[in-house]
Novice: 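Please see the structure below; I have some questions.
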Amino acid sequence: MVHGEIWTIKEFFVLPNEYIYWSIQIVMYPFMTGLVAGAFVLSSLYHVFNVKQLKDIARFALVFSFALLPVAMLPLMLHLQQPLRGTNVLMTPHFTSAISAFGIVFLAYACIVASEIWFVYRKHFVDVVNNLQAKSQRTMLENLQLLLNRVLTLGAMDIGKESLDKDHKAVSLLAAIGIPVACFLHGYAGFIFGSVKANALWMTPLMPVIFICSAVVSGIALCIITYIVTMKLRTMWAKRHQGEPGVPSIAQLRQVEDTEVRMSAKALLTFMVLAVTLELLDIIFRGYTAVKSWDILREVIYGLDFYKIFVFQYGLGNFLPFLLLLLPGVTVRRAAFCSLLVLFGVFMMRWNVVIGGQAFSLTFNGFMHYHLPIIPHDMETFKEGLFGALFVMLCPYVIFFFLNKITPVFLEEESH
Amino acid sequence: MKNHVWRPLFVVLGLVAVILLARLLIVPDDFSVGERGYMYGYHRIGNEQEWKDFKTKFRTSTYCNDCHEDRVAERVGSPHAPIECENCHGLAGDHPENPEKLTLDRSRELCLRCHTRLAYPSSDRKDIAGIDPQEHNPGDACVDCHNPHRPNLEEM
Amino acid sequence: MKRRDFLKNTLIAVAGASIPLSALEMIDPRELFAAHPELRWVFLANTHKCVGCGFCVKACKVENDTPYDANVSRTWVERYVITKNGEIHIDSPKAARDGFISADIYKGQNPLALPEVDFAHGRIEKPSAHKGEFEKIREEDIAQAFFVPKLCNQCENPACVQVCPVGATYQAPDGVVLIDRDWCIGCGYCIMGCPYGVRFFHPVYKVAEKCNFCYHRISKGLKSACVTACPFGARQIGNIRDPNDPVTQSIMSERIGVLKDEYGTKPQVFYIGLNKEVR
């Protein structure tokens with residue numbers, strides 16, 4: 001079977017070699033890189049622009065952004081027909097191609113985030129080393145922990161005030177540099193689609209900007225949800241250890257959660273407005289100028305994909321959360337619900353762009369219907385099917401779980 | 001430098017060095033910009049010769065003539081003369097070494113490629129004599145009655 | 001104020017640094033002053049002469065080791081039937097590998113159909129290209145009908161080459177666009193980038209694949225397999241730089257069309273007898 005044949009149904013006149021080649025994993029890829037970029041921007045709002053109320057979520061967003069990074073690469077590895085040659089992008093990058101930017105931008109961004117995390121956690125690493133070294137008897141696990149944290153300090157053991165000040169300055173600088181790089185990381189993903197002149201739906205200069213805005217939206221939404229969930233866990237932990245020194249009170253935690261979530265929701269609203277404006281502008285322009293491809297695109301947008309676009313993406317994913325967040329008295333629960341809707345909306349946007357762009361034939365005279373493989377029968381239907389997508393979605397949480405043990409997101413000494 | 005702030009940068013530079021070293025080892029020596037410039041000509045130059053060395057299989061009737069002179073002569077002047085032997089007999093490749101025998105397609109469908117009557121105005125297809133496959137001896141092989149090398153409706 | 005200035009300067013520096021190096025490559029003088037080579041392959045397809053027999057597709061598949069039963073092909077033929085009420089019917093059953101042996105137009109699969117799964121034997125039944133609907137057209141309703149052979153246009157400005165992230169596909173000096181099977185990572189960007197839909201994933205090698213004018217044949221003085229196989233002379237290959245080449249003479253003297261030239265790719269497959277309906 002040809003790649004793509006199993007999940008493509010061709011209707012009317014479609015060229016013999018046309019199939020839906022870019023399937024669910026290519027939907028996941030911009031979705032995940034969008035989360036990466038968005039999480040980082042949220043973190044930078046505190047580190048660069050000093051939005052003090054976001055302090056608590058900022059550290060969390062930073063680490064989560066780093067946990068998302070390897071996952072951003074995963075959909076590509078699952079999609080490539082020759083995954084073992086994936087490194088060729090770093091070996092012989094052909095810079096006239098947007099995808100070649102992936103190697104450089106991804107690495108640059110990883111380095112920036114890793115460095116920023118290092119500066120934020122250096123004191124923690126040094127503290128762990130000092131604490132463990134003071135112990136006379138260490139278990140095997142603690143020895144490993146000592147070794148790991150020693151390596152992570154990179155030998156910089158000075159935690160005097162001057163050194164820590166230098167750390168803070170470095171964090172601000174990196175966060176500032178990181179914002180355009182994060183935008184680039186996702187902007188180029190939009191460029192990948194926007195520059196394909198062969199595809200009538202993708203080709204628009206607005207694409208990179210639309211992608212960046214919706215990426216930031218998704219990143220903020222994800223951070224809100226994960227933050228709320230993590231705070232719930234933290235509250236449960238605090239309840240069990242109530243009264244112990246260094247443990248914050250339940251009331252304190254609730255208040256912090258409330259403030260952080262409210263601020264983040266405001267940021268979410270701003271970027272949502274931007275994202276929707278651009279997307280609607282694109283559709284309106286196409287309808288107005290009505291070039292050759294408009295007939296088939298209209299069929300796809302207003303016919304085939306009507307529910308996916310207007311009900312799921314714009315309705316449930318934009319309009320409803322927008323309304324709910326504007327109404328007074330935003331609660332943590334409401335913010336969580338809205339964030340979930342927003343994430344769904346952003347996912348549908350990626351779906352409607354990637355799959356929607358392949359829903360019509362180059363002949364403008366036929367359609368291709370995508371049937372996502374649900375039950376895998378072989379490697380290909382697993383990798384590019386529902387389970388492959390779920391695997392990609394769950395990975396960041398697994399990574400975050402382990403990462404949190406090395407760079408703990410909630411350091412109790414630093415609660416305000 | 002005394003300042004510990006530069007340490008992550010050193011790690012990054014180390015990573016870049018590793019990548020450049022890997023590049024030296026992995027990328028083939030003849031990978032470069034060809035005559036068409038960076039945008040259209042960035043490739044492994046040796047691949048061009050690899051494609052030139054690809055095995056040919058279609059031999060044309062001049063090759064068949066070496067052994068099958070009578071058959072080739074039979075078709076001279078017939079309406080089927082412009083059809084290459086290998087279109088019906090399969091590509092020769094290294095015949096008679098490999099394959100030893102060519103698989104001749106005697107099916108009805110082979111003849112119907114041209115001889116299903118399609119009276120298409122503005123196409124040379126309309127000038128080919130043809131039949132309606134549903135009406136004319138459906139299921140039978142054409143070669144049961146017609147000689148594919150010297151087709152002649154009058155002689156039948 | 002210090003922070004703001006710093007941020008502003010950083011943003012300018014980063015913006016300046018993000019001009020891709022390839023932008024500077026575009027004004028490479030080497031390209032401007034390169035002498036035109038004496039060889040540039042071009043193709044001539046005659047849609048009057050093509051009868052839709054499909055021998056070209058069959059020969060191409062065997063010559064180039066494209067799996068015979070796979071629903072992909074380096075080249076194919078399309079049938080256009082325009083009825084008197086102005087409707088256009090187009091099809092290309094199995095890429096015309098078996099020719100057009102039916103007067104009925106194949107209209108594709110039922111969009112609600114799913115590939116059939118044989119759970120008992122753990123097999124997927126192919127969503128067969130033949131399991132679809134056919135439309136009967138009466139002969140008397142046909143205003144005009146013709147066949148259009150299609151293949152890779154070996155464009156002068158190939159969009160597919162531009163978008164390859166690793167330099168696995170490239171244009172040879174004589175104009176043919178080739179794919180390095182050992183370097184391609186199988187991302188599919190070139191397949192997406194081609195406006196003509198000539199590229200696909202090779203089912204066996206799992207890399208991008210497309211027509212290369214039978215580069216191994218034309219480099220030896222032979223003709224492409226499809227050109228050799230065509231009994232009607234509907235397919236011709238030639239060298240546009242040779243004024244004595246009959247193909248070149250046809251192209252220069254007759255009314256010639258190309259496919260989709262609005263994309264700026266400068267395709268080098270020329271057609272005699274195109275009409276506005278050809279996609």
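Just the heavy atoms: all of them, side chains too, but no hydrogens, waters or symmetry mates, feed the values below. Here is how names work: the chains are called A, B, and so on, in the same order as the sequence lines, proteins then strands, and each is numbered from 1.
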Novice: For the candidates Lys197(A), His3(A), Met91(A), His369(A), which exhibits the highest count of non-hydrogen atom pairs separated by less than 4.5 Å from chain C?
Specialist: Lys197(A)

Novice: Quick check: does any side chain N or O of Tyr189(C) sit under 3.5 Å from a backbone N or O of Ala98(A), one acting as donor and the other as acceptor?
Specialist: no

Novice: Starting at OH of Tyr19(A), measure out to CZ of Phe201(C) and round the result to the nearest 0.5 Å.
Specialist: 13.0 Å

Novice: Passes side-chain contact (heavy atoms from CB on, under 4.5 Å), Ile90(C) versus Thr363(A)? Steps please.
Specialist: CA-CA 10 Å; Ile90(C) 320 172; Thr363(A) 63; 5.8 Å; no

Novice: To the nearest 0.5 angstrom, please state how far the CG atom of Leu80(A) sits from the NZ atom of Lys206(C).
Specialist: 13.5 Å

Novice: What residue in Cys164(C), Gly188(C), Gly167(C) has the most heavy-atom pairs under 4.5 Å with chain A?
Specialist: Cys164(C)

Novice: Give me the atom names and distance for the closest heavy-atom approach of Arg181(C) to Arg85(A).
Specialist: O-NH1, 2.8 Å

Novice: If you count heavy-atom pairs within less than 4.5 Å of chain C, which of Thr87(A), Leu173(A), Ile192(A) leads?
Specialist: Ile192(A)

Novice: Does NZ or CZ of Lys260(C) come closer than 6.0 Å to the centre of the six-membered ring of Phe364(A), within 45° of the ring's axis?
Specialist: yes

Novice: Is it the case that the side chain of Asn17(A) and the backbone of Ser73(C) share a donor-acceptor pair, with hydrogens and angles ignored and the cut-off at 3.5 Å?
Specialist: yes

Novice: If only atom types and distance count, is the side chain of Asn88(A) paired as donor or acceptor with the main-chain N or O of Trp183(C) below 3.5 Å?
Specialist: yes

Novice: Is the backbone of Val14(A) close enough, under 3.5 Å, to the side chain of Arg279(C) for a donor and an acceptor to pair up by distance?
Specialist: no

Novice: What's the separation between atom CZ in Phe12(A) and atom NE2 in His89(C), rounded to the nearest 0.5 Å?
Specialist: 11.5 Å

Novice: Compare all side-chain heavy atoms of Met192(C) with those of Gln358(A) and state whether any distance is below 4.5 angstrom.
Specialist: yes

Novice: For Ser172(A), which atoms come within 4.5 Å of any heavy atom of chain C: side chain, backbone, both, or neither?
Specialist: side chain

Novice: Give the member of Val48(A), Leu76(A), Asn199(A) that has the highest number of heavy-atom pairs under 4.5 Å with chain C.
Specialist: Val48(A)

Novice: Taking the side chain as every heavy atom from C-beta outward, state whether Leu15(A) and Glu78(C) have any pair of such atoms under 4.5 Å apart.
Specialist: yes

Novice: With a 4.5 angstrom heavy-atom cut-off, could you sort out which part of Val198(C) is near chain A: side chain, backbone, both or neither?
Specialist: backbone

Novice: Should we count OH of Tyr263(C) as having more than 12 external heavy atoms under 6.0 Å?
Specialist: yes

Novice: Closer than 3.5 angstrom, by distance alone: can the side chain of Gln82(A) be matched with the main-chain N or O of Tyr205(C) as a donor-acceptor pair?
Specialist: yes

Novice: Looking at Ala96(C), Cys184(C), Ala95(C), which has the largest count of heavy-atom pairs under 4.5 Å with chain A?
Specialist: Cys184(C)

Novice: Pro16(A) versus Arg97(C): any side-chain heavy-atom pair under 4.5 Å?
Specialist: no

Novice: Give, as side chain, backbone, both or neither, the part of Glu262(C) having an atom under 4.5 angstrom from any heavy atom of chain A.
Specialist: side chain

Novice: For Cys194(C) and Leu362(A), which heavy atoms make the closest approach, and how far apart are they?
Specialist: O-CD1, 3.7 Å

Novice: Please identify, among Val204(C), Ile105(C), Asp91(C), the residue contributing the most non-hydrogen atom pairs under 4.5 Å to chain A.
Specialist: Asp91(C)

Novice: Would you say the side-chain atoms of His79(A) pair up with the backbone N or O of Cys187(C), donor to acceptor, closer than 3.5 Å?
Specialist: yes

Novice: Taking all non-hydrogen atoms of both residues into account, name the closest pair between Glu5(A) and Asn71(C) and its distance.
Specialist: OE2-ND2, 2.5 Å

Novice: Check Thr92(A) against Val166(C) and note the closest heavy-atom contact, atom names and distance.
Specialist: OG1-O, 2.8 Å

